[in-house]
Amino acid sequence: QVQLVESGGGLVQAGGSLRLSCAASGRTFSTYAMGWFRQAPGKEREFVATINWSGSSTYYSDSVKGRFTISRDNAKNTVILQMNSLKPEDTAVYYCAVARVSNIVGATTMYPYWGQGTQVTVSS
């Protein structure tokens with residue numbers, strides 16, 4: 001059974017940093033792209049960042065570009081989202097997901113496996 005477990009969320013002041021981690025188990029994900037998404041109350045789930053199977057290619061939403069960094073460790077089946085210069089508008093539940101393809105992709109429909117999410121709250 002595929003399982004993705006996010007950790008590292010919490011409450012932080014604006015301008016602060018958080019490091020989210022996602023541990024995958026149940027199968028080998030090293031040949032698939034992985035991504036981070038978020039969902040704020042009353043809003044649809046939105047794309048944040050994606051990384052290809054090898055870690056050589058990444059892509060970010062305009063809202064987080066330059067502040068967030070996605071990385072992965074295939075030996076440990078983990079993906080990391082380093083979030084710096086956090087803003088109140090970054091407040092959301094953050095989800096990691098595994099794609100059905102190897103290359104970077106932003107559409108939620110391309111991600112069949114999802115974690116349960118971790119709450120990130122940024123206070124002003």
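All residue numbers refer to positions in the sequence shown, counting from 1. What you see below is based on every heavy atom in this structure, not just the backbone, and it leaves out hydrogens, waters and symmetry mates.
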Problem - For the student: nearest non-hydrogen atoms of Thr31 and Ser102, plus distance - result: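 Reported closest heavy-atom pair: O-OG, 2.7 Å.
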Fill in the blank from the handout: Between Leu18 and Val120 the two heavy atoms that sit nearest each other are CD1-CG1, 3.8 Å
Output all residues satisfying salt bridge (charged side-chain N to carboxylate O under 4.0 Å, His left out) with [X], sequence neighbours left out; order by chain, then residue number.
X	answer
Glu46	Arg38
Lys65	Asp62
Arg100	none

Handout entry: Nearest-0.5 Å distance, CE of residue Met83 to OG1 of residue Thr69
Key =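 So the CE of Met83 and the OG1 of Thr69 are separated by 11.0 Å.
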Problem - Distance in Å, Phe68 CZ paired with Leu86 CG, rounded so as to fall on 0.5 Å steps - result: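 It comes to 5.0 Å.
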Problem - Ile70 and Ile80, any side-chain heavy atoms less than 4.5 Å apart - result: no
Problem - Residue list, side-chain hydrogen bond (donor to acceptor under 3.5 Å, both in side chains) with Gln116, at least two apart or on another chain - result: none
Practice task
With sequence neighbours left out, write down each residue that passes side-chain hydrogen bond (donor to acceptor under 3.5 Å, both in side chains) with Ser124, or none if nothing qualifies.
Solution key: none
Practice task
Enumerate the residue pairs fulfilling ring-ring contact (aromatic ring centres under 6.0 Å, His included) with a member in residues 82-120, sequence neighbours excluded, ordered by first and then second residue.
Solution key: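 Qualifying pairs, neighbours excluded: Phe37-Tyr111, Phe37-Trp114.
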List for me each residue that meets side chain to side chain contact (heavy atoms under 4.5 Å, CB included) alongside [X], sequence neighbours excluded, and say none if there are none.
X	result
Ser61	Phe47, Ser63, Val64
Ala40	Lys43, Ala92
Asn77	Ala24, Phe29
Val101	Ala99, Val105, Met110

Exercise for the section: Spell out, yes or no, whether Met34 and Val2 are grouped together once hydrophobic residues are joined by side-chain heavy atoms under 4.5 Å, including indirect joins. Expected result: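 Yes, Met34 connects to Val2 through the hydrophobic network.
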Handout entry: Same apolar cluster (I L V M F W Y, side chains within < 4.5 Å links), Val79/Val98
Key =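 As far as the 4.5 Å side-chain criterion goes, Val98 and Val79 are connected within one cluster.
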Problem - Sequence neighbours excluded, every pair satisfying disulfide (SG to SG under 2.5 Å) that has a member inside residues 55-124 - result: Cys22-Cys96
Completion exercise
Contacts satisfying side-chain hydrogen bond (donor to acceptor under 3.5 Å, both in side chains) that involve residues 6-25 (not counting sequence neighbours) are Ser17-Asn84
Problem - Among Ile51, Leu81, Thr50, side-chain contact (heavy atoms from CB on, under 4.5 Å) partner for Trp36 - result: Leu81
